[in-house]
Amino acid sequence: MSLVLLASGCGDPLKDVPRLADVPVETEAGQADVLATSADAETLPVAPVADTAPQRGLLGFLKGKADAAQATTTVAAAEDAAADEAVTDDLDDVGSAPDDAEVVVVEAEEAPRRRGLFGLGGGGDVQLAAATTSGAPRVNRRAAPRPGAPDAREIAYGTTVPYGQIARVCGVPGAKLGPVTQTWPEGGRGYQLHDSTPGSTGAHTFYMTGFKDGCARQFTAALVIFGSPESWEQIHYGPAGESLPVLATDVAYEGVKSKVCRVGKGKPCGSRMKALERDTVFVSVYERFEDNTRWKNILLHDGEVVAMDMKN
């Protein structure tokens with residue numbers, strides 16, 4: 001009411017502002033002219049969506065969809081970053097608690113999480129290491145990878161990992177890893193991809209959580225894509241699969257699929273596909289955002305890195 005009286009006492013503040021009806025508009029102006037953005041606005045590259053699988057193997061044809069989803073992911077990451085900042089403040093407070101005090105950290109409510117770019121499954125049942133004291137996840141050394149495994153090496157937080165390698169980072173709160181930009185499976189907290197620099201299209205650090213030992217996995221990439229087992233089968237059991245090389249993740253998947261789905265080599269999983277997808281996913285790691293000529297492929301199953309190879 002005060003604002004109304006103030007406006008009345010000062011006259012019409014909008015009397016010198018032209019009305020929209022009085023502004024001349026060219027009749028030939030199209031919708032594109034109205035919606036055009038500033039020339040210096042920063043935009044991310046958007047690649048066309050491919051309708052068919054290329055000849056380059058697993059998940060190459062899915063990259064176009066990931067490019068188109070990058071802008072959406074950036075917005076979501078910005079929203080998550082605000083929530084993560086609040087969690088970090090809470091963790092700093094928790095750090096002053098006695099060492100033997102058990103602390104439960106309640107995360108800020110997040111927007112509905114977006115599933116992996118090409119996922120199908122429902123809720124996940126991958127065993128997670130719960131946060132206990134000082135906000136850091138519990139590390140289960142007995143569940144550490146076997147010697148010689150792709151992710152056997154443990155590094156200190158803040159160490160840079162060269163492209164093509166994967167390492168373990170233990171005891172680091174999730175709030176320090178960056179916002180979660182992808183999850184597998186849909187709606188679950190099985191595997192979570194943390195982007196240290198959301199929105200960047202250059203090579204930078206990513207972290208992934210959801211492993212039995214409680215440690216995050218760190219790698220360097222410009223683009224990361226989750227690919228479902230069903231997508232793998234569509235490519236490798238289809239006509240294009242006959243010309244594809246058989247690499248480490250392909251061999252490992254056949255073993256995992258046979259155990260879970262109880263089918264032989266070269267046979268689709270069938271009715272148990274949803275059970276398989278609850279804790280099994282391919283992760284394609286691209287060094288360059290616009291180049292899909294080669295990429296690292298990682299197979300995750302039951303909270304472990306089962307195999308890793310280079311796809312060409």
Side-chain angles (χ1 to χ4, degrees), residues 49-67 69 114-126 149-151 164 166 182-186 188 190-193 206 208 210-211 217 219 221 223-286 292-312:
V49 177
D51 295 327
T52 58
Q55 298 300 317
R56 296 196 176 276
L58 175 63
L59 302 181
F61 81 106
L62 299 174
K63 181 175 178 292
K65 297 181 181 179
D67 294 344
R114 293 157 177 79
R115 61 178 174 180
L117 291 174
F118 313 108
L120 300 172
D125 60 0
V126 177
D151 57 336
I166 183 171
Q182 295 185 54
T183 63
W184 186 269
E186 177 189 10
Y191 302 112
Q192 297 184 323
L193 181 69
F206 286 85
M208 187 171 295
F211 296 91
R217 271 39 175 193
F219 51 87
L223 176 67
V224 181
I225 300 176
F226 281 10
S228 69
E230 185 172 54
S231 297
W232 185 96
E233 292 190 0
Q234 289 174 350
I235 295 172
H236 286 261
Y237 295 157
E242 298 178 1
S243 62
L244 298 177
V246 178
L247 301 179
T249 54
D250 305 322
V251 174
Y253 176 73
E254 288 286 0
V256 169
K257 181 205 61 179
S258 295
K259 181 177 67 175
V260 176
C261 306
R262 300 171 189 156
V263 296
K265 179 180 179 181
K267 302 293 183 182
C269 177
S271 62
R272 293 185 61 81
M273 178 58 78
K274 287 186 177 181
L276 177 64
E277 290 188 332
R278 278 199 290 266
D279 62 1
T280 306
V281 65
F282 290 89
V283 183
S284 290
V285 180
Y286 292 86
N292 67 347
T293 55
R294 68 172 190 156
W295 65 94
K296 272 289 183 178
N297 212 37
I298 306 169
L299 176 61
L300 308 181
H301 171 69
D302 194 26
E304 297 179 355
V305 175
V306 179
M308 185 171 72
D309 57 40
M310 180 70 78
K311 295 288 186 179
N312 291 293

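Values below: all heavy atoms of this structure, side chains included; hydrogens, waters and symmetry mates excluded.
- No side-chain N or O of Asp279 forms a donor-acceptor pair with one of Trp184 less than 3.5 Å apart.
- Counting only residues at least two apart or on different chains, no ring pair (Phe, Tyr, Trp, His ring centres under 6.0 Å) pair has a member in residues 254-275.
- Remark: Lys257 engages Tyr237, Glu254 in a side chain to side chain donor-acceptor pair (under 3.5 Å) (not counting sequence neighbours).
- Thr280 is listed as a side-chain neighbour of Leu299, based on a closest heavy-atom distance under 4.5 Å.
- Closest non-hydrogen pair, Leu193 versus Phe226, comes out as CB-CZ, 4.0 Å.
- In terms of heavy-atom proximity, Phe206 sits nearest to Ala221 at CE1-O, 3.3 Å.
- Under the 3.5 Å distance criterion, the side-chain polar atoms of Ser258 are left unmatched by any main-chain donor or acceptor of Gly264.
- Taken to the nearest 0.5 Å, the OH atom of Tyr286 stands 14.0 Å off from the NZ atom of Lys296.
- The minimum heavy-atom distance linking Pro229 with Phe282 is given by the pair CA-CE1, 4.2 Å.
- In this structure, Leu300 and Val306 approach most closely via the heavy-atom pair C-CG2, 4.4 Å.
- Atoms CG and CE, from Asn297 and Met308 in turn, are 10.0 Å apart once rounded to the nearest 0.5 Å.
- Remark: the backbone N or O of Ala240 is paired with a side-chain donor or acceptor of Ser243 at under 3.5 angstrom.
- Taking CG of Leu276 as the reference point, atom NZ of Lys274 lies at 13.5 Å (rounded to 0.5 Å).
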* Check against salt bridge (charged side-chain N to carboxylate O under 4.0 Å, His left out), Asp250 and Lys311 -> CA-CA 11 Å; Asp250 305 322; Lys311 295 288 186 179; 3.0 Å; yes

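- Between Ala252 and Ala307 the shortest heavy-atom distance is CB-CB, 3.8 Å.
- Looking at Tyr191, its side chain never comes within 3.5 Å of a backbone N or O of Phe211 through a donor-acceptor pair.
- Closest heavy-atom contact between Ser228 and Glu277: CB-OE2, 3.3 Å.
- Residues satisfying the salt bridge (charged side-chain N to carboxylate O under 4.0 Å, His left out) test with Asp309, not counting sequence neighbours, are none.
- Rounded to the nearest 0.5 angstrom, Asp151 CG and Arg217 CZ are separated by 4.5 Å.
- Remark: the Glu233 side chain and the Tyr253 side chain contain an N/O donor-acceptor pair separated by less than 3.5 Å.
- For Glu304, there are no side chain to side chain donor-acceptor pair (under 3.5 Å) partners at least two apart in sequence or on another chain.
- To the nearest 0.5 Å, the span separating CD1 on Ile235 from CG on Leu244 amounts to 7.5 Å.
- Side-chain contact between Val246 and Val251 is present, with at least one heavy-atom pair separated by less than 4.5 Å.
- Among residues two or more places apart in sequence or in another chain, the ring pair (Phe, Tyr, Trp, His ring centres under 6.0 Å) test is passed with Phe219 by none.
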* Run the numbers on His301 and Lys259 for side-chain contact (heavy atoms from CB on, under 4.5 Å), then give the verdict. => CA-CA 12 Å; His301 171 69; Lys259 181 177 67 175; 3.9 Å; yes

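- The backbone N or O of Val260 sits less than 3.5 Å from a side-chain atom of Arg272, completing a donor-acceptor pair.
- Of the inter-residue distances, the one linking Ile225 atom CD1 with Gln182 atom CD reads 8.0 Å to the nearest 0.5 angstrom.
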